[in-house]
Amino acid sequence: MNKKIDYRNELNPAQLEAVESIDGAYLVIAGAGSGKTRVLVHRVAYLVEKKVKPDEILLLTFTRRAAEEMLRRASLLLDERCSRVSGGTFHSFANATLRRYAKVLHLANNFSILDESDAADTINLIRARLGLDKTDKRFPRKRAILEVISKSINKSEKLADVLYDEYPQFLEFSDEIKKIREEYRKYKAAKSLLDYDDLLVYLKELLVNHADVRLALSRRYKYVMVDEYQDTNKLQAYIACLLASEHKNIMVVGDDAQSIYSFRGANFRNIMDFPRLFKNTRIIILEENYRSTQPILNLTNGVISRAKEKFEKNLYTRKQGGSHPLFIDAEDENAQSRYIADKILGLREEGIELKDIAVLFRSGWHSNDLEIELASRNIPFVKYGGQKFVEAAHIKDVISYLRIVYNSADQVSWMRALLLIPGIGSKSAEKIISSFSFGKDRLHPISGIKKEEVRKLLDILKEIDSASPAQAGRDPARIIAIILEYYQPLLKHKYDDFHKRINDLDSLLRIASRYKSLEQFLTDMALEPPERSLAEAGLRDKDDSTLTLSTIHSAKGLEWHTVFLIYVAEGHLPSYLSLEDEEGIEEERRLFYVASTRAKENLFLLKPHIDRSPRSFMDGGGSVFTQPSRFLDEGGIMDKFVQVEDAGDEFAAACAEFKEDTGKKSASDKEFLRMMQEYFHGQEED
């Protein structure tokens, strides 16, 4: 016997309106935490309950897991009929459709799909065939070329425009990249190969150029539903609209205020212009929030209300109480990190588990200093959206030079340093290392090394060694500054995205400036690596868990009890790359909104008072005073919705308390060690 669902009692009025809306075009604007997934799940069940055949419903999502989870929940809500609904990603739907209609497009229906790695290797093969792997100037590598071509397709932009806007360092190779793109297309066609982008390109072609197929698909899928519509690119939005062209029964669900993936091709205009494409579109807005406290929502409402273009909404909650978001103007980057670590430890003592706490940031490098601080406090964390600081290849490169300075016999570091030099491979590096004469503390003069770049490296190391021969007197920041001058051209040669790595190297320089000992700096960078922290997490106290560090982009769709948002400052959030771009600023505003709406109970907004310019080691920039993010300054938002906290006195008190405790413990520790020595010495005698 089929279940009967009491929709009226399970849904709020706006959700119920969306679920019971069947025929026609609907745009559901689902504010953060407003139960978007709940609406989609109940609408699937409602359609099936209203005798719509499950296979006539098409649910398009951005991950297979999302589709499977929604249909599983719908089946539990109603019955197993919901599991027969056609659900999946745009790419999986395209794959199934193209295999069915392959002959129409003169494709073999047994075509193979290239994953990203296969596609990059194919690009490399074509690059070599065209002789572009042996040019006088360094040509872009395979993954960079693939990325440029893919962005051109997903953004529906000319390749030249993509190069100009996002890859200016490759502009001089525009003609060559176009040639590679054309040869890549021919190669795939000849071998019956499709990459991920081709799946969408061919599906669009099928729907546009073959009216009979488009009508057949539109009649088969009588009800089309699209999740996260604000994240669709032009191709995906076009496909969705074509599929509904016959019956106009389409519901797209999303939030214009959470459109933050333009760098992946998502187009903000898709959700804004949907009512223009379907003239009789009914707009339903979900405003009741089930996640955050009202003080947090007041802030986010205030920030997003300043958006240039938006669907009007005002999030509210029935949750009682809640404290105002806190703004902390920390003295510097490390003060910001110390404040967060102190607060996290305090929250843990109050019973808030680490898994319920997150630190969010605009760019991956923003957490560099914090990662070192957390490791020193033994606070386990996992990072999403950007490599962990000490694991990044360019950081490992620079550390290898420092290790050679500290221990000239470190042959592992020598190998890495030598392999960075163009023209030196593993065999050459081994040969060079074998010719070295290692003394107790110094690298002895070497004969027979003719390669100029190797000599240059040896001269740099000799300069560092002669400036401060004693290990104890070696200033890691000064050494890094010298090394970075040498490393800069190697960085540009090795990494196509070198400009994205510069901030990490600047962070390394800032972190090193807090140390007077090279030995201590290298020790802190080497100990407590992230893998070990996570592996041992299960061996710690049973109530322990893992803190989340995440870019805002990777945090979308998630939530935590407490959220720390760092670098809430001009040039950081919003990013300095967007300051002259009005559309860019609007997306940065949406990023702030997404980050803030991840918090359930506590929201901390932090800004280091003094920072270094984003490219300080590259252009000689120095310390600058940062201003609070414009998103807090606009319309007196901070005065209305944010409580300002002075972190200075708290840090001073904490430091004093730490020193006092350390002094007390050191005396008792000595007594303890004496007792232990006597005890074990006695056992040895026995």
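All values reported here derive from a predicted model rather than from experimental measurement. Side chains included, hydrogens not; waters and symmetry mates left out as well; all remaining heavy atoms used.
One side chain, Asp504 or His394, offers a donor N or O that lies under 3.5 Å from an acceptor on the other. Judged purely by distance below 3.5 Å, without hydrogens or angles, the side chains of Arg362 and His572 never pair a donor atom with an acceptor atom. Ser578 and Ser575 share no side-chain donor-acceptor pair at under 3.5 Å. Side-chain polar atoms of Glu333 and Tyr567 form a donor-acceptor pair below 3.5 angstrom. No side-chain N or O of Tyr339 forms a donor-acceptor pair with one of Asn334 less than 3.5 Å apart. Looking only at atom types and distance, the side chain of Tyr184 has a donor-acceptor partner in the side chain of Asp195 under 3.5 Å away. For the residue pair Lys355 and Thr548, no side-chain donor N or O sits within less than 3.5 Å of a side-chain acceptor on the partner.
Within the 4.5 Å cutoff, the side chain of Leu573 has heavy atoms near those of the Ile552 side chain. Between Phe139 and Ile180 there is a side-chain heavy-atom pair separated by less than 4.5 Å. Between Asp342 and Arg377, the closest side-chain pair of non-hydrogen atoms falls below 4.5 Å. For the pair Leu565/Phe592, a side-chain contact is recorded, criterion being any heavy-atom separation below 4.5 Å from C-beta on. Contact check for Pro380 versus Leu547: no side-chain heavy atoms found under the 4.5 Å cut-off. At least one side-chain heavy atom of Ile511 sits under 4.5 Å from a side-chain heavy atom of Phe521. Gln627 is not listed as a side-chain neighbour of Lys607, based on a closest heavy-atom distance of 4.5 Å or more. Put simply, the side chain of Pro422 reaches to within 4.5 Å of the side chain of Leu490, judged on heavy atoms.
Using modelled atom types, one side-chain atom of Lys151 and one backbone atom of Phe263 make a donor-acceptor pair closer than 3.5 Å. Between the side chain of Arg598 and the backbone N or O of Leu558 there is at least one donor-acceptor pair closer than 3.5 Å. Without hydrogens or angle criteria, Arg127 side chain to Pro140 main chain gives a donor-acceptor distance under 3.5 Å. Side chain of Ser434 to backbone of Lys431: a donor-acceptor contact under 3.5 angstrom is found. A donor-acceptor pair is defined here as one N or O able to donate and one able to accept, closer than 3.5 Å; such a pair exists between the side chain of Trp414 and the backbone of Ser408.
With rounding to the nearest 0.5 Å, the separation of OH in Tyr406 from CG in Leu522 is 8.0 Å. Note that NZ of Lys462 is 13.5 Å distant from CG of Leu457, once rounded to the nearest 0.5 Å. Distance check, rounded to the nearest 0.5 Å: CD1 of Ile340 to CD1 of Ile566 gives 5.5 Å. With rounding to the nearest 0.5 Å, the separation of CG in Leu146 from CD in Glu116 is 6.0 Å. Note that the CD1 atom of Ile479 and the CG atom of Leu509 stand 12.0 Å from one another [nearest 0.5 Å]. To the nearest 0.5 angstrom, Ile460 atom CD1 is 12.5 Å from Ile404 atom CD1.
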Exercise for review: Determine, step by step, whether Leu326 and Asn602 satisfy the side chain to side chain contact (heavy atoms under 4.5 Å, CB included) criterion, reporting the C-alpha distance in whole Å, the side-chain angles of both residues, the deciding distance to 0.1 Å, and the verdict.
Suggested key: CA-CA 8 Å; Leu326 278 179; Asn602 298 324; over 6 Å; no
**Study point:** Working for side chain to side chain contact (heavy atoms under 4.5 Å, CB included), residues Glu371 and Phe381
**Key:** CA-CA 8 Å; Glu371 291 176 43; Phe381 66 88; 3.9 Å; yes
Point to revise | Stepwise side-chain hydrogen bond (donor to acceptor under 3.5 Å, both in side chains) check, Ser367 with Lys383 | key: CA-CA 9 Å; Ser367 70; Lys383 182 176 180 180; 3.1 Å; yes
Check your understanding: Between Gln488 and Leu484, does a side chain to side chain contact (heavy atoms under 4.5 Å, CB included) hold up when you go through it step by step?
Key -> CA-CA 6 Å; Gln488 181 179 334; Leu484 288 179; over 6 Å; no
Exercise for review: Quick one: do Tyr495 and Asp397 satisfy side-chain hydrogen bond (donor to acceptor under 3.5 Å, both in side chains)? Show the steps, please.
Suggested key: CA-CA 12 Å; Tyr495 304 106; Asp397 291 344; 2.8 Å; yes
Practice item. Please step through side chain to side chain contact (heavy atoms under 4.5 Å, CB included) for the pair Ile464 and Tyr401, ending with a clear verdict. Key: CA-CA 11 Å; Ile464 293 170; Tyr401 297 123; over 6 Å; no
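Using a cut-off of 4.0 Å between Lys/Arg side-chain N and Asp/Glu carboxylate O, Glu147 and Arg143 are scored as not salt-bridged. Under 4.0 Å is where a charged nitrogen must lie from a carboxylate oxygen, and between Arg348 and Glu353 no such pair does. Taking a cutoff of 4.0 Å between a charged side-chain nitrogen and a carboxylate oxygen, Asp475 and Lys516 do not qualify as a salt bridge. The residues Asp369 and Arg514 are annotated as salt-bridged, a charged nitrogen and a carboxylate oxygen being separated by less than 4.0 angstrom. A salt bridge between Arg338 and Glu373 is absent, with no side-chain N of the basic residue lying under 4.0 Å from a carboxylate O of the acidic one.
Between Ser413 and Ser400, the shortest heavy-atom distance links the atoms CB-O, 3.4 Å. In plain terms, the two heavy atoms of Ala512 and Ile480 that are nearest each other are CB-CD1, 3.5 Å. Heavy-atom minimum distance, Ser363 versus Thr551: C-CG2, 4.4 Å. Asp329 and Pro608 make their closest contact through OD1-C, 4.2 Å (heavy atoms, listed as atom of the first residue, atom of the second, distance). Counting all heavy atoms, side chain and backbone alike, Val398 lies closest to Ile483 at CG1-CG2, 4.3 Å. Here the shortest heavy-atom pairing between Leu419 and Gly425 reads CD2-C, 3.4 Å.
Within a 6.0 Å radius of OH in Tyr164, other residues, nucleotides and ligands contribute 12 heavy atoms or fewer.
No option in Val382, Leu345, Ile344, Leu347 other than Ile344 meets the side-chain contact (heavy atoms from CB on, under 4.5 Å) test with Leu354. When each of Phe361, Tyr261, Tyr384 is checked for a ring-ring contact (aromatic ring centres under 6.0 Å, His included) with His553, only Tyr261 meets the rule.
The side-chain hydrogen bond (donor to acceptor under 3.5 Å, both in side chains) test applied to Ser507 returns Asn368, Arg510, not counting sequence neighbours.
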